[in-house]
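Note sheet for the following structure.
Predicted model, so just to flag it, every value in this text is computed and none were measured.
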Amino acid sequence: MSGSPVIMRLVASAHSVAEKAGAIVRKVLHSGELGIVEKTGANDLQTLADRLAQQSICASLSRRFPKVTIIGEEDLPSEEVKEDVIENGQAEDILQKSCPAEYSGLKEEELVVWVDPLDGTKEYTEGLLDNVTVLIGIAYGGRAIAGVINQPFYNYQLGAGAVLGRTMWGMLGLGAFGFQLQEVPGDRRIVTTTRSHSNKLVTDCVDAMEPHEVVKVGGAGNKIIQLVEGKASAYVFASPGCKKWDTCAPEAILHAVGGKLTDMHGNAYRYEADVKHMNSAGVLATLRNHEYYVGRVPQSVRQALKSD
């Protein structure tokens, strides 16, 4: 299918590459040797799984798409990548789909890929495995237009013999696949927020949403999954801390099903190659009724979190 548009081939490759990275993440866990190092502190960890998964994703994609800009979370030394981490496959079912007309002529050099090889590292080290995701987001013209999320340990609670892992993906103008879209009942407001990076601004903002329930989980990718599977109505994180590689893939999938992800002021984030990596003005994501949640953000939060 070399005749497919570049964007469809890139998404099809990213799907296979994310599954390979998920397998690496599982293998490292099962080995018992996590190789944990602290980056900036006890809540900002890196493991052998982060390092190997990023090597696999970046090397595999850059080999096939040499002109695409790839930005990964982990600052790794350049070294020879072993062949056994390279993934050459492409998801055939994605190649069979029709590319939205507006993206059919895109060139490699116009695309930016944002990679979080293991989102929810802290949870990974603590055994909260359903919080862990592999994120590959694709941006064009500063917008997140496609994304792949792999959950390496999906189904792990079922115990021995369960088939682990699933991969979901989405693209603007095409929709989202690999999960069943569900919504929280309209009369309920369930807010999902951070479990390990909370502070007064975060809790004040969550309280201002007047939620019926608050769900604290790890990982930005996992929180967006809560939204599209009807377990939460809004993801509220009124703090810097999230980065572009945390939000690019989830935002694309959320937008593909009609949702929205912005900063706390309601402004869109940009994903050009030269933007700063930090999402300084927090993250607010919803499947529906985004304006309600933006409207309830306290003035103290707006003043504390300046838009870029």
- L254/V228 under side-chain contact (heavy atoms from CB on, under 4.5 Å): CA gap, chis, key distance, verdict: CA-CA 7 Å; L254 184 62; V228 299; 4.0 Å; yes
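Under a 3.5 Å cut-off, the side chain of Q54 and the backbone N or O of E73 do form a donor-acceptor pair. Looking at Y124, its side chain does come within 3.5 Å of a backbone N or O of L29 through a donor-acceptor pair. The closest donor-acceptor contact from the side chain of K122 to the backbone of S196 lies at 3.5 Å or more, if one exists at all. Counting only distance, with no hydrogens or angles, the side chain of H265 and the backbone of L305 share a donor-acceptor pair below 3.5 Å.
Minimum heavy-atom separation, T125 to L34: CA-CD1, 4.2 Å. Of all the heavy atoms in C205 and V236, the pair that sits closest is SG-CG1, 3.8 Å. Summarising the geometry of Q90 relative to S13, their closest heavy-atom pair is NE2-OG, 3.0 Å, with the distance given to 0.1 Å. The two residues P152 and V132 make their nearest non-hydrogen contact at CD-O, 3.4 Å. Residue A304 comes nearest to L201 through the heavy atom pair CB-CD1, 3.5 Å, listed as atom of the first residue, atom of the second, then distance.
In this pair, F153 and H30 present their aromatic rings perpendicular. The plane angle is above 60°, beyond the 30 to 60° band. Taking the six-membered ring for Trp and thresholds of 30 and 60 degrees, F237 and Y235 have nearly parallel ring planes, at less than 30 degrees apart.
The 12-atom threshold is not exceeded at CD of Q180, counting heavy atoms of other residues, nucleotides or ligands nearer than 6.0 Å. Residue-environment remark: NZ (K20) exceeds the threshold of 12 foreign heavy atoms within 6.0 Å.
Between E272 and R270, at least one side-chain N (NZ, or NE/NH1/NH2) sits under 4.0 Å from a carboxylate O, which counts as a salt bridge. The residues R143 and E110 are annotated as not salt-bridged, no charged nitrogen and carboxylate oxygen being separated by less than 4.0 angstrom. Salt-bridge check for R63 with E83: passed, with a basic side-chain N closer than 4.0 Å to an acidic carboxylate O. In this structure, R288 pairs ionically with E183, as a charged nitrogen and a carboxylate oxygen lie closer than 4.0 Å. Classification of E213 and R189 as a salt-bridged pair fails, no side-chain N sitting under 4.0 Å from a carboxylate O.
R296 is linked by a side chain to side chain contact (heavy atoms under 4.5 Å, CB included) to M209, E210, Y292, counting only residues two or more places apart in sequence or in another chain. Applying the side chain to side chain contact (heavy atoms under 4.5 Å, CB included) test to S233 and every residue at least two apart in sequence or in another chain returns V184, I190, Y293. Every residue meeting the side chain to side chain contact (heavy atoms under 4.5 Å, CB included) condition with A252, not counting sequence neighbours, appears here in chain and number order: A144.
Of the candidates I224, T247, D116, D116 is the only one forming a side chain to side chain contact (heavy atoms under 4.5 Å, CB included) with L135.
Judged by distance alone, the side chains of E19 and T167 do bring a donor and an acceptor atom under 3.5 Å apart.
Proximity of E33 to V28: side-chain heavy atoms (C-beta onward) are nowhere separated by under 4.5 Å.
Remark: C242 SG to D119 CG distance equals 7.5 Å, nearest 0.5 Å.
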